[in-house]
Chemist: 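Below is the structure I would like to discuss, written out as structure tokens.
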Amino acid sequence: MNTDHTGPVHPSARAVSPLRPASVAHIEGGFWAERRRVNAQISLAEGPARLEQAGNLANFRAAAALRTGGANAPSASDTGFSGDFQFQDSDVYKWLEAACWQLADTPAEALAADVEAVVELIAAAQREDGYLHTYYQLGGGVPWTELGWGHELYCAGHLIQAAVAHHRATGSDRLLDVARRLADHIDSVFGPGKQVDTVCGHPEVETALVELHRTIDEKRYLDLARYFLERRGHGTLSSGADRGHDRDPGPEYWQDHTPIRAADEVTGHAVRQLYLLAGAADLAAETGDTELRTALERLWRDMVTTKTYLTGAVGSRHDWEAFGDAHELPADRAYAETCAAIASIHFSWRMALLTGEARYSDLVERTLFNGFLAGAGLDGRTWLYVNPLHRRARSHERPGDQTAHRTPWFRCACCPPNVMRLLAALPHYMATTDDSGLRLHQYATGLYGGDGLTVRVTTEYPWDGTVTVTVEHAPSTLPRTLSLRLPAWCADHTLTVNGTTVEGEAEAGWLTVTRAFTPGDTVRLDLAMPARLTAPPARVDAVRGCAAVERGPLVYCLEQTDQPDRLDPDGVAVVPDASLTVRSRPELLGGVNTVSVTGSLLPAEDPSADWPYPPYASAASGEPRESVELTAVPYYAWANREAGAMRVWLPLAGRG
């Protein structure tokens, strides 16, 4: 069904990106194939029913009836809008984009029928002038007058991305025509001397417009994306309380306090910030703007070194879903929204394409396996909106989307369809091509490459560190380079070519083999994958004196249900010099490896004490404590069984 063989990010021929996503990209087995199977057969298949129950699709039907004056048109006294948020349309667009990427990979008659029905509904709801946003069409307000909170351009961006996916998957222009009409309408409204000269409170349209330009080679859309990116940061958005918010979030909330080129830290709403930076990376790739690239490298480094959790998650504050200060990374109050992890992956992947540097794909891997995947239940039907690294046995969370309990759907359902679209498009994040050959950024069993070099990968990653790469197609005499990312977590490795060990250190995170390959040649990478204890950065006060268990790309956690007598993880410390034992548990959580570690029981609380703070000397020199064997499971799989306590960062025994 896929007539284009390209995914969601496809730099044009004029782009300065040294790397391009591989044109052959199929995940065929192993860890990610199973996660994608659940996504396709359960999450995506049940998506239309979820959107029906939540009222999203009803909004499009009402808008279509209003446009045509049909019998189901809403009256003036009843707008007919369903849902609590004016951006309900975006959930439909994200599901649609996900379904299209899935169809491009694996045709399915029922899913294809659902896609075309939704495309028809969207087209029917569009106004004659190209405008499309059901909240405002159904009387929620005046279009283009509430840019801070209205999300009109945000929804438009998701529609455009869905249209690009539909076009690339099916070859049809049906939805692409809708997107072009909407983009043309936006172009007629926004800009210096036009009706509106400001930006959307929630970035997203910038990336979409660049991809639309790449798809139909229309420079106007690239220029419009540039306008939105350059206009932000000049304080043009209203920062007053609005839309039920009784406080002023300030211009930093939506990154309108300083231009991207001058910014020196990521700030404000985490998803908005990272969607903005992803769009800027696309623009830098298409224009060769080195100043913008330098700013993006600076902001990415600030995010990673001062504001990213061990899991790759970002956003430390529930208040405004925001980045906090540098090193403000509380484990128990981490917001770490699933959408923010997805936005981080989008940004880092574009930086990998723009620079060719392995460090960006290192962060993609960490975030994929941990901060992102934790947001999706193993059953494909339940989700986490927030992803803390610590949950207490007696947790007093406020109800709603911000609880650390898996939920079938959310009142603000941005995360589930966002997860669906990333999993559906995941093969396109695995490998890239360049003038010299092929690079493998992530490791999953499958087929990757292009006309120059195509390989088949076989691996049990992340449970096993052996990655076998067999050449399927190569030029007969022309030397090509196969590059394999050496993960930053790996301290020891072996690389062989046709059974012969290849010596040499990784260069900038890449292991390279250059030769005239022939079909059947085999490159094998063995990554040492012992379990390890990881220390937090020294300036992160919240977890100082703690350690976390990791193995390979996976972060581990203690869940109460796995401990002896359901021991509360808050009542133990880890013995730092104890051995870590890895066990295969095919029957547990869909099949995982657990890590056993020796712990030491913390002193029990004294119920007769009136004051819990003892002198330091007596606390530090306490009696030897009882040992206990603790079992850690992959963080991504937590909260899929009975409710209970969980923690990633564990106190170290003997640290007072």
Side-chain angles (χ1 to χ4, degrees), residues 31 308-313 329-332 334 336 362 365-374 387-392 461-465 487-492 527-538 540 542-564 566-585 588-602 625 627-641 644-655:
F31 182 91
T308 297
Y309 284 96
L310 181 69
T311 59
L329 294 167
D332 52 352
D362 278 328
E365 176 184 77
R366 176 170 293 276
T367 310
L368 272 174
F369 277 107
N370 302 289
F372 160 72
L373 193 54
N387 296 276
L389 281 71
H390 181 189
R391 186 179 188 277
R392 303 181 192 280
Y461 202 83
W463 312 121
D464 183 85
W489 55 260
C490 183
D492 191 22
L527 303 168
M529 197 179 276
R532 62 193 186 275
L533 287 182
T534 299
V540 180
V543 292
R544 188 174 294 131
C546 294
V549 177
E550 294 189 276
R551 182 174 184 265
L554 297 176
V555 174
Y556 278 70
C557 67
L558 297 186
E559 274 202 279
Q560 190 169 7
T561 188
D562 296 306
Q563 311 317 317
R566 296 193 78 255
L567 176 69
D568 185 346
D570 285 354
V572 297
V574 169
V575 177
D577 56 356
S579 61
L580 303 176
T581 304
V582 179
R583 293 188 173 94
S584 176
R585 298 286 302 277
L588 182 66
L589 295 166
V592 298
N593 285 349
T594 62
V595 177
S596 297
V597 57
T598 301
S600 175
L601 295 181
L602 296 178
R625 298 164 187 170
S627 293
V628 61
E629 184 176 278
L630 305 170
T631 298
V633 298
Y635 172 78
Y636 77 79
W638 89 278
N640 280 281
R641 295 170 291 173
M646 178 278 296
R647 63 183 301 157
V648 169
W649 290 109
L650 311 170
L652 288 172
R655 295 297 174 89

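Worth knowing before you read on, the calculation uses all heavy atoms, side chains too, and leaves out hydrogens, waters and symmetry mates.
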Chemist: Given side chains that start at C-beta, do those of E559 and T631 come closer than 4.5 Å, heavy atoms only?
Modeler: no

Chemist: side-chain contact (heavy atoms from CB on, under 4.5 Å) with D570: which of R392, R391, Q560?
Modeler: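 Testing D570 for a side-chain contact (heavy atoms from CB on, under 4.5 Å) against R392, R391, Q560 leaves exactly one candidate, R392.
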
Chemist: For V633 and C557, what are the C-alpha separation, side-chain angles and deciding distance, and is it a side chain to side chain contact (heavy atoms under 4.5 Å, CB included)?
Modeler: CA-CA 6 Å; V633 298; C557 67; 4.1 Å; yes

Chemist: Tell me if a side-chain donor or acceptor on R532 pairs with a main-chain N or O of G552 at a distance below 3.5 Å.
Modeler: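 Side chain of R532 to backbone of G552: a pair is present.
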
Chemist: Within the 4.5 Å heavy-atom criterion, are T534 and L310 side-chain neighbours or not?
Modeler: yes

Chemist: Under a 4.5 Å cut-off applied to non-hydrogen side-chain atoms, are L533 and L580 in contact?
Modeler: yes

Chemist: Once rounded to the nearest 0.5 Å, what's the spacing between atom NE2 of H390 and atom CG of L558?
Modeler: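 The CG atom of L558 is 10.0 Å from NE2 of H390, to the nearest 0.5 Å.
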
Chemist: Search all heavy atoms of T598 against all heavy atoms of A578 and return the closest pair with its distance.
Modeler: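 So the two residues come closest at CB-CB, 3.7 Å.
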
Chemist: With a 4.5 Å heavy-atom cut-off, do V648 and W638 have their side chains touching?
Modeler: no

Chemist: Apply ring pair (Phe, Tyr, Trp, His ring centres under 6.0 Å) to the pair F31 and Y636, showing each step before the final yes or no.
Modeler: CA-CA 12 Å; F31 182 91; Y636 77 79; 5.4 Å; yes

Chemist: Where do R566 and T561 come nearest, in terms of heavy atoms and distance?
Modeler: NE-CA, 4.3 Å

Chemist: Mind listing the closest non-hydrogen atom pair of P553 and N370 along with its distance?
Modeler: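 Result for this residue pair: O-ND2, 2.9 Å.
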
Chemist: With a 4.5 Å cut-off on side-chain heavy atoms, are Y309 and P536 touching?
Modeler: no

Chemist: Rounded to the nearest 0.5 Å, how far does OH of Y556 lie from OG1 of T594?
Modeler: 7.0 Å

Chemist: So which atom in L389 and which in W649 form the shortest heavy-atom distance, rounded to 0.1 Å?
Modeler: CD2-NE1, 3.9 Å

Chemist: Could you check L567 against V572 for side chain to side chain contact (heavy atoms under 4.5 Å, CB included), going step by step and ending with a plain yes or no?
Modeler: CA-CA 9 Å; L567 176 69; V572 297; 3.2 Å; yes

Chemist: Looking only at heavy atoms, which two atoms of P487 and D362 are closest? And how far apart?
Modeler: CA-OD1, 3.6 Å

Chemist: Report yes if some heavy atom in the side chain of W489 is under 4.5 Å from a heavy atom in the side chain of L527; otherwise report no.
Modeler: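 Side-chain contact under 4.5 Å: yes.
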
Chemist: Does some side-chain heavy atom of D332 sit less than 4.5 Å from a side-chain heavy atom of R647?
Modeler: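 Answer no - side chains too far apart.
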
Chemist: Could you measure the distance from the CG atom of L368 to the CZ atom of R366? Nearest 0.5 Å is fine.
Modeler: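 Taking CG in L368 and CZ in R366, the distance rounds to 12.0 Å.
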
Chemist: Do you know the tightest heavy-atom contact between R551 and N593?
Modeler: NH1-ND2, 3.3 Å

Chemist: So, applying side-chain contact (heavy atoms from CB on, under 4.5 Å) with V597, which one of T581, L630, V575 is it?
Modeler: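 The side-chain contact (heavy atoms from CB on, under 4.5 Å) with V597 is passed solely by L630 among T581, L630, V575.
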
Chemist: Test side chain to side chain contact (heavy atoms under 4.5 Å, CB included) on F369 and V555; report intermediate values, then the result.
Modeler: CA-CA 8 Å; F369 277 107; V555 174; over 6 Å; no

Chemist: Supply the atom-to-atom distance D568 CG to L601 CG, rounded to the nearest 0.5 angstrom.
Modeler: 11.0 Å

Chemist: Do the non-hydrogen side-chain atoms of W463 and L554 ever get within less than 4.5 Å of each other?
Modeler: yes

